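Atom set for the values below is all heavy atoms of this structure, side chains included, hydrogens, waters and symmetry mates excluded. All of these numbers come straight from a predicted model, not from anything done at the bench.
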Amino acid sequence: MDIPGVFEKMLKSEKPALIHCNDHLDLKYTTYRHLVRYSLAISCELNCLVTRKCVILVILPQPTSSYLLYPVLLGIINSNCSFFCTNWKTADNLQCFLEKHKINFFISQHHPKNLFGGEKYVNCREVGIFENESVFICQHRQNQEEITAHVDDIAYWMETSGSTGTPKIVRVPWSCILPNISAINQRLNLTANDVIYSTSPATFDPFIVDLLLGILNSATILVATDRLRIAPSRKFAEQLFVQTNKVRVTFLQMTPTILTNFGQQVLKEVVFAPESSLKICLLGGESFPKKSLMKCINDRVKIFNIYGITEISCWSHMKEVNLVDDEEVDIGEPLDESIQVEIRDKQLWIGSKSRKCLLDGENEISNEKTLFRNTGDIVEVKNEKIFIRSRSNKIIKRFGKQVNLAQIEQSAMKIDMVERSHGLFLQDCRRIILFYQSEKEEVNLLDKLKETLSSAENPDEAVRIDAFPQSNHGKVSEEKLLDFYRKIQREKCSIDSIEDEFLRLIKQLVQPQISLSTSFPNLGGDSMKALRLVCELQNKYNREFADLLQMLLNPDLNLQCILNYVKDSSKSIQREAEETFKSSNIPNTKTSLELKFSWRANLGKCVDATPSILSTSVTVGSHSHKLMTLNCETGEILFEEVLSDRIESQVAFCSGFGFVGCYRGYLYKFSIGRKEIVWKFDSGAMIKCRPLVLSEVVIFGNYSHEQNVWCLSKETGNVMWCRKVGDKGILANPLHIRIDNILVATLDGSVEILDTKTGNQVFQTHLKAPIFSSPAIVEFSAKEVKIVIAEVNGTINTFTVAENHTLQPENPFKVSGNIFSSFTVFNQSANSALVAFGCHNSCIYCLRVRPEDSLLSLEWKTRLASPIFSTPCRFAEAFLCCCTTSGQLTILCAEVGQVKSSQQLPGEAFSSPVARGRQIFIGCRDNHLYCYTV
């Protein structure tokens, strides 16, 4: 970019370059002459410090001083460096980032002593810009060896919003962004007379578009404080758009969230009023808003839907919107000839031969081929036009049904009184909350939506909101919405009787007039409505009603009978809460334990499988069909293979070979050292369990209706024997209990002991509920052995293994929740052992097993943030690690259950953590395997 040419042109210009509006609506003008002078001061100091092209980290100034960014960024560009704007909350995060990405220099409004609290910098220089303002240019002490920007053409680094997964860092070349600016300029014909109101934060790439459009056209850029940008007042709007005022903004580029936060009345009477100064409005980054919000627009204002992704920075398509008709808005035409599109599995991919950016881990890209990037948007093509239907992460699974949150939002938007809506799925309680904006307080939104949506799609609650909270990218912040919702939930009366709540839910879900002598199905209740009712009660009263679902669906049970069960169950709530408080709410004292992020690896799709450790490597599979082995210390990929289907099975290792199953029914034997598949065997049905590898054979279960237990030769993969156990599939891992015996448990509750050599049945019993959890063995001595088996309904069964290879049942232990987690056995001695497991009621339980006692005893239990599917793992002798379905990775004291540390993963987690020394490895539904160090 020819910044020196721009500087030379504007060096003597007294035309306003910047207008800064503070919270009191006072305006501060900066001419191009002054802006150039301040920028040259920055580039002069950088040229003294930096000897070759590198990236400069720009720590964002205070929200009230955002105008400081403009001379800083222009000075960096003029010094032939690239920049990365960020807003760090803590010194530790900042230092880790600098070291991880080997960034040598940073610029901050604050002295580095206030950032780091120590001498972790060198060559710090203060540069005066504006009146009584200055910034500090510093070199980080840890990275004194200069790091180049990898590609000479890189203009800036940008972090994506992470709207479809974990945020990525994108390095954007000038060859990508400048053609984009040129194409937009040709469409819009901006001139030096235009005033651009820059609404995007510097962490969002439309900010760069505003900056470059303004500078290259010698236009004026208006910047405001975060408070005004997020919650614009009517007076502020009048300051910007009324023709008789001095500012007279002509150009807007913003997200629909920022636009609608002006409020419908201000939009109609000020922003889009006939006498408004506004000429052009670009709306992008989110779904195009309701046309009715802008139907008062005068003919002079042009409205565009603009579309693109940071990975091909910044915009790729543009559509001028006709507000007169009611047609839906497509993404428009490509902005330049280099843009190409493909649709793969209903998702839109955008590509270009010339506009190519570098993502995490990429250091160079071939110039020969078109490089396509996934937008994460699900689309539909009609009449050669592309329409966005949903974000990929907006499609969720609820009660076994696929639900599209975007479709719910669109249905709500068709209701006249609804201006904007946003759906949120609360994974821990499986509730859909629909937030909406409306000028009217009472909309009866839920009743209206029942007419168009299915039972699975119907929101559980509709919450009216004055303005949608914004993320750092100016989009709807789901994190802030959730905080808002939790707050209003706490403020609601929490002492409703369970009887009143039960009846209220029945009336809401089926019909307003009910008779307690009628059954739930006879009132029109179905399985989906029953599931929703159970989840609502469990969420509100923080406990499981284990038999409620089955009772609701029983046509022979009337509501009075079911209500009596609910009331009887509720009597134990207070007692259980008190027990939980006594056993688990131990004060969380200060400790040196801390979970620190080490590295992550992208496997392409959800990682639900549990990792496996072999020496210094970790291996895991994912729903992308990928099987990957990585170095435990660095995350470097050592071996990668794409199998024939999804992988949820945990790898079992023996003598350097790995064994793993997949959804298609294949069992694979592979070698990490030789980096090859040794053999594979087709069992005919999905494999989810971890294979059991013995001296000569490998045994596993599958979901076949014919033979669901298989024994293969470990060496050749040939079938030694196979048989059928029970009537359903096997999820639990086979358990080796004697030299020649294994135990198998099925999803219909069947439990069998089989002879490992022949497959013949040695012993058989049948439990009442399905078995998802893998059984565990507790060996006190060679003759005193117990087996622990969990049924999904919360029953923990213990059996003594008799000398004749049969199981002698003992008294069961009952918990108030479903069990999918398996057991971890620890602190084992001749006198006792401890077993820990997670529960769907959000608790981790620790039970003591003794050889002489026929009853398990509760040692402790600790309640976490959401349900637990994963199996706890033990590490460093004294600690347990567990993860909730919402992705909260937690370290607990193994002795008393006290929480010592926690870390929130970016997505849900159904993988179980595994430990190697003080390293923790766990898979996440954001498609990554994570490594943390304690």
Leu559 side chain near Leu523 side chain, heavy-atom distance below 4.5 Å: yes
Glu810 and Thr800: side chain donor to acceptor below 3.5 Å: yes
Lys728 NZ: over 12 foreign heavy atoms closer than 6.0 Å: no
Exceeds 12 heavy-atom contacts within 6.0 angstrom, atom CG of Asn564: yes
Donor-acceptor contact below 3.5 Å, side chain Asn818 vs main chain Val792: yes
Heavy atoms from other residues, nucleotides or ligands near NE2 of His705 exceed 12 (cutoff 6.0 Å): no
Plane angle bin for Tyr845 and Phe837 - parallel if under 30°, tilted between 30 and 60°, otherwise perpendicular: parallel
Expected output: side-chain Ser774 to main-chain Ser822 donor-acceptor under 3.5 Å: no
Distance, nearest 0.5 Å, that separates CG of Asn702 from NZ of Lys688: 12.5 Å
Where Ala732 and Ser773 come nearest, the two heavy atoms and their spacing: CB-O, 3.5 Å
Crowding at CG, Asp345 (>12 non-hydrogen neighbours, <6.0 Å): no
Partner residues of Glu478 under the side-chain hydrogen bond (donor to acceptor under 3.5 Å, both in side chains) criterion, sequence neighbours left out: His422
Under 3.5 Å: donor-acceptor pair, side chain of Ser421, backbone of Phe435: no
Leu449 side chain near Leu434 side chain, heavy-atom distance below 4.5 Å: yes
Whether Gln707 side chain and Ser683 backbone form a donor-acceptor pair below 3.5 Å: no
Qualifying residue, where the test is side-chain hydrogen bond (donor to acceptor under 3.5 Å, both in side chains) with Asp460 and the options are Gln508, Arg532, Arg431: Arg532
Closest non-hydrogen atom pair, Cys924 against Glu908: SG-O, 3.5 Å
Side-chain heavy atoms of Ile687 within contact of Trp710, under 4.5 Å: no
Worked check of salt bridge (Lys or Arg N to Asp or Glu O under 4.0 Å) between Glu791 and Lys768: CA-CA 8 Å; Glu791 298 174 67; Lys768 294 179 180 179; over 6 Å; no
Whether Thr824 side chain and Pro872 backbone form a donor-acceptor pair below 3.5 Å: yes
Rounded distance (nearest 0.5 Å) linking atom CG of Leu856 with atom CG of Leu834: 11.0 Å
Phe772/Leu747 under side chain to side chain contact (heavy atoms under 4.5 Å, CB included): CA gap, chis, key distance, verdict: CA-CA 6 Å; Phe772 289 81; Leu747 291 174; 3.9 Å; yes
Atom pair CD1/OG of Ile868 and Ser866 - distance to nearest 0.5 Å: 7.5 Å
Heavy atoms from other residues, nucleotides or ligands near NZ of Lys724 exceed 12 (cutoff 6.0 Å): yes
Side-chain donor-acceptor pair present, Gln808, Thr806, cut-off under 3.5 Å: yes
N/O donor-acceptor pair under 3.5 Å between Gln764 side chain and Gly726 backbone: no
Gap between atom NZ of Lys861 and atom SG of Cys846 - 0.5 Å precision: 13.0 Å
Test item: Ser821 side-chain N/O and Ser870 main-chain N/O as donor-acceptor pair under 3.5 Å: yes
Over all atoms of both residues, closest heavy-atom pair of Pro812 and Asn797: CB-OD1, 4.0 Å
Verdict with supporting geometry, Val403 and Ile408, side chain to side chain contact (heavy atoms under 4.5 Å, CB included): CA-CA 9 Å; Val403 174; Ile408 299 172; 3.8 Å; yes
Minimal non-hydrogen separation, Gly897 against Thr862, with atom names: O-OG1, 2.7 Å
Close side-chain approach of Trp721 and Asn760, heavy atoms under 4.5 Å: no
Asn554 vs Phe520 side-chain heavy atoms within contact, under 4.5 Å: no
Trace of the side chain to side chain contact (heavy atoms under 4.5 Å, CB included) decision for Ile415 with Tyr436: CA-CA 11 Å; Ile415 299 169; Tyr436 69 97; over 6 Å; no
Pair Glu457-Ser454, side-chain donor/acceptor within less than 3.5 Å: yes
Qualifying residues under ring-ring contact (aromatic ring centres under 6.0 Å, His included), relative to Phe468, sequence neighbours excluded: none
Sub-4.5 Å side-chain heavy-atom contact between Asn927 and Ser624: no
Glu409 side chain vs Gly423 backbone, donor-acceptor pair below 3.5 Å: yes
Main-chain N/O of Val725 paired with Asn708 side-chain donor or acceptor, under 3.5 Å: yes
Gap between atom OG of Ser649 and atom CG of Asn733 - 0.5 Å precision: 8.0 Å
Close side-chain approach of Met686 and Arg646, heavy atoms under 4.5 Å: no
Verdict with supporting geometry, Leu754 and Val744, side chain to side chain contact (heavy atoms under 4.5 Å, CB included): CA-CA 8 Å; Leu754 306 177; Val744 176; 4.1 Å; yes
Residue pair Cys883 / Ala909: nearest heavy atoms and the distance that separates them: SG-CB, 3.6 Å
From Phe869 atom CZ to Cys882 atom SG, the distance as rounded to the nearest 0.5 Å: 12.0 Å
Minimal non-hydrogen separation, Leu453 against Ser411, with atom names: CD2-OG, 3.6 Å
Parallel, tilted or perpendicular, as decided by the 30° and 60° cut-offs, for the rings of His623 and Tyr663: perpendicular
Flag side-chain contact, heavy atom, 4.5 Å: Leu533 against Phe502: yes
Donor-acceptor contact below 3.5 Å, side chain Thr884 vs main chain Gln888: yes
